[in-house]
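For reference, positions follow the sequence shown, starting with 1.
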Amino acid sequence: MNTKRWIALGVAVVLFVVSLGFQAVTSVVTADFEKMFNFPDSSQKFQEEVVEEGSGNKIAVLELDGVIQNASTASLLNTGGYNHERFLEMLEAAGEDSTVNGIILRVNTPGGGVVESDEIHDKIVKIKEEHDKPVYVSMGNTAASGGYYISAPADKIVAHSATLTGSIGVIMESFNFAEFANEHGIKFNTIKSGEFKDIMSQSRQMTDEEREILQTMIDNLYGDFVDVIVEGRDMSESKVRELGDGRVYTGEQAANNGLVDELGSLTDTIAIMKEDNGWDNAKVIEYKKGLEINEFLGGTLQGMFKGQTELFGIKELLRESNGPRAMYLYSK
């Protein structure tokens, strides 16, 4: 490469860096820091956004929106969506806050991981037992599978007539490229310490014995799901198993079969909690947390790289699908 080409390449690199810097500076300058970095004072872990003014009793609304999973947040390009640890912290804060008398969970999720769903469920049960606070659920567009699992222990479940809920069950999936690999002469080398170390391998067909092992796991987890509903909804096991064949129900169907208590919106749920507990003039707040610095930088990078962020998300999903994982998840 001659001198002129080196100079041209250097100029191109400088222009690229300057362009990135300009976009970053523009994002910083135009950002609404008061809104984005809304840091709570030292006495509050989360900001309280007033939904309804009132005095005396206080109702806290917590929003759960997105797939329930403790996804990798290491990448700055993957900063949006549901944050599992933050939601657990919000639940704990609402439970421990002596000024909060009741909690409403606004649930809009197709479900997610078995462990993550169970962690939320257990946290709700703990709040009810240790702090004696009513917990209501207001279902959004979807509150299925893991979304229903976390709703089951609530004192009252309110759904919109068109909400998709139910999908009671467990699913485990993986890709299998064995036939494709065989047709195209692709060979896989696997060295393992035990017969079942590569169970659900993508490079070979599953054996009947392996399928039986995994089915036993799924059946056990399904049994846990059934128990949660039996206990939370005071419903017989036979009734739960009858309803829990994996199908989804509309909110109206769920109200008819006993999976939800009433039909209505979030506003209706707030009114129901007030009426049930005699809190006519209760103040209603929603827990918020200012955008953290990694999320701000992630948003800036997403704006700079635009469509490429979708590719990063696909790569992350493919990486995570490498191993079997049981899910309380409604997937179309």
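- In this structure, the side chains of Leu105 and Tyr136 stay at 4.5 Å or more apart for every pair of heavy atoms.
- The cluster map of Ile, Leu, Val, Met, Phe, Trp and Tyr, joined by side-chain heavy atoms under 4.5 Å apart, puts Tyr149 and Phe87 in the same cluster.
- The two residues Ile171 and Leu329 make their nearest non-hydrogen contact at CG2-O, 3.9 Å.
- Proximity of a side-chain donor or acceptor of Asp97 to a complementary backbone N or O of Ala93 within less than 3.5 Å is not detected.
- Classification of Arg106 and Glu286 as a salt-bridged pair fails, no side-chain N sitting under 4.0 Å from a carboxylate O.
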Atom pairs and distances, side-chain donor-acceptor, residues 178-194, under 3.5 Å, sequence neighbours left out:
unit_1: His184; atom_1: ND1; unit_2: Phe180; atom_2: O; d: 2.9
unit_1: Lys192; atom_1: NZ; unit_2: Glu195; atom_2: O; d: 3.1
unit_1: Lys192; atom_1: NZ; unit_2: Asp198; atom_2: OD1; d: 2.8

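- Side-chain atoms of Glu48 never come within 3.5 Å of backbone atoms of Ile285 as a donor-acceptor pair (strictly under, hydrogens ignored).
- The neighbour count for His160 NE2, taken as heavy atoms of other residues, nucleotides or ligands under 6.0 Å away, does not exceed 12.
- The closest donor-acceptor contact from the side chain of Asp261 to the backbone of Ile157 lies under 3.5 Å.
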> Can Met200 and Met206 be said to form a side chain to side chain contact (heavy atoms under 4.5 Å, CB included), step by step?
Replying inline: CA-CA 6 Å; Met200 272 189 103; Met206 183 183 296; 3.6 Å; yes
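- Looking at residues two or more places apart in sequence or on another chain, you find a side chain to side chain donor-acceptor pair (under 3.5 Å) between Asn281 and Ser55.
- Remark: the backbone N or O of Ser167 is paired with a side-chain donor or acceptor of Ser145 at under 3.5 angstrom.
- The side-chain heavy atoms of Arg325 and Gln69, taken from C-beta on, include a pair separated by under 4.5 Å.
- Not one N or O on the side chain of Tyr328 forms a donor-acceptor pair closer than 3.5 Å with the backbone of Ile150.
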> Which is it for Ile120 and Leu64 under the side chain to side chain contact (heavy atoms under 4.5 Å, CB included) test, yes or no, and what are the steps along the way?
Replying inline: CA-CA 11 Å; Ile120 296 173; Leu64 192 163; 3.8 Å; yes
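- We find the CG-CE distance between Leu62 and Met90 to be 6.5 Å, quoted to the nearest 0.5 Å.
- Counting heavy atoms of neighbouring residues, nucleotides and ligands inside a 6.0 Å radius, atom CG of Asp245 exceeds 12 of them.
- The NE2 atom of His121 sits 10.0 Å away from atom CG of Asp224, with the distance rounded to the nearest 0.5 Å.
- A donor-acceptor distance shorter than 3.5 angstrom exists from the side chain of His131 to the backbone of Gly95, with no hydrogens or angles considered.
- One distance of note links OG of Ser117 with CG of Leu221; it measures 11.0 Å at 0.5 Å rounding.
- Of all heavy-atom pairs between Thr109 and Gly66, the closest is OG1-O, 2.7 Å.
- Using a distance-only test at 3.5 Å, with no hydrogens or angles considered, no donor-acceptor pair links the side chain of Ser161 to the main chain of Glu252.
- Between the side chain of Thr163 and the backbone N or O of Ala159, no donor-acceptor pair lies under 3.5 Å.
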>> Run the side chain to side chain contact (heavy atoms under 4.5 Å, CB included) test on Glu129 and Val125 for me, step by step, so that the C-alpha distance in whole Å, both residues' side-chain angles and the decisive distance to 0.1 Å come before the verdict.
In response: CA-CA 6 Å; Glu129 291 179 348; Val125 171; 3.5 Å; yes
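- No path of Ile, Leu, Val, Met, Phe, Trp and Tyr side chains, each step under 4.5 Å between heavy atoms, connects Val100 with Val61, placing them in separate hydrophobic clusters.
- The nearest pair of heavy atoms linking Ala152 to Val228 is CB-CG1, 3.8 Å.
- Listed by chain and residue number, nothing satisfies the side chain to side chain donor-acceptor pair (under 3.5 Å) test with Asn141 (two or more places apart in sequence, or in another chain).
- The aromatic rings of Tyr82 and His84 sit tilted, their planes meeting at an angle between 30° and 60°.
- Sequence neighbours left out, the pairs with a member in residues 141-163 that pass salt bridge (charged side-chain N to carboxylate O under 4.0 Å, His left out) are Lys128-Asp155, Lys156-Glu262, Lys156-Asp276.
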> Between Phe196 and Glu209, is a side chain to side chain contact (heavy atoms under 4.5 Å, CB included) present by the stated rule, with each step listed?
Replying inline: CA-CA 9 Å; Phe196 302 111; Glu209 189 173 5; 3.5 Å; yes
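- In this structure, Glu96 places its CD atom where more than 12 heavy-atom neighbours from other residues, nucleotides or ligands lie under 6.0 Å away.
- A donor-acceptor pair under 3.5 Å is absent between the side-chain atoms of Thr142 and the main chain of Ala144, judged by distance alone.
- Shown here are the side chain to side chain donor-acceptor pair (under 3.5 Å) partners of Thr267, two or more places apart in sequence or in another chain: there are none.
- Looking at Val230 and Met235, their side chains never come closer than 4.5 Å, going by heavy atoms from C-beta outward.
- Distance CD/Gln253 to CG/Leu164: 9.5 Å, rounded to 0.5 Å.
- Inter-residue side-chain proximity for Val67 and Pro110 is flagged as met; some heavy-atom pair is nearer than 4.5 Å.
- Under the 4.5 Å side-chain heavy-atom criterion for grouping Ile, Leu, Val, Met, Phe, Trp and Tyr, Ile68 is not connected to Met327 through any hydrophobic cluster.
- For the residue pair Tyr249 and Asn256, no side-chain donor N or O sits within less than 3.5 Å of a side-chain acceptor on the partner.
- Ionic pairing of Lys283 and Glu52 is not present here: no N-O contact between side-chain nitrogen and carboxylate oxygen is shorter than 4.0 angstrom.
- A single hydrophobic cluster is seen to contain both Ile124 and Leu259, as judged by linkage of ILVMFWY side chains at heavy-atom distances under 4.5 Å, directly or through other members.
- Ile104 pairs in a side-chain contact (heavy atoms from CB on, under 4.5 Å) with only one of the listed residues (Val135, Val51, Val158, Leu266), which is Leu266.
- Scanning both residues, Ala94 and Lys133, for their nearest heavy atoms gives O-NZ, 2.8 Å.
- A donor and an acceptor atom, one from each side chain of Asp219 and Thr216, are nowhere located under 3.5 Å apart.
- Residues forming a side chain to side chain donor-acceptor pair (under 3.5 Å) with Arg211 (at least two apart in sequence, or on another chain): none.
- Here the straight-line distance linking atom OH of Tyr148 with atom CG of Leu243 works out to 8.5 Å at 0.5 Å rounding.
- For Ala326 against Ile218, the heavy-atom pair with the smallest separation is CB-CD1, 4.3 Å.
- Looking at Glu119 and Lys123, no side-chain N of the basic residue comes within less than 4.0 Å of a carboxylate O on the acidic one, giving no salt bridge.
- Under the 3.5 Å distance criterion, the side-chain polar atoms of Tyr287 are left unmatched by any main-chain donor or acceptor of Leu91.
- Between Thr165 and Tyr330, the closest side-chain pair of non-hydrogen atoms is not below 4.5 Å.
- What you find for Ala255 and Leu263 is that their closest heavy atoms are CB-CD2, 4.0 Å.
- Ile213 and Val114 fall within a single hydrophobic cluster, where Ile, Leu, Val, Met, Phe, Trp and Tyr side chains are chained together by heavy-atom contacts under 4.5 Å.
- Rounding to the nearest 0.5 Å places CG of Asn57 at 9.5 Å from CG of Asp280.
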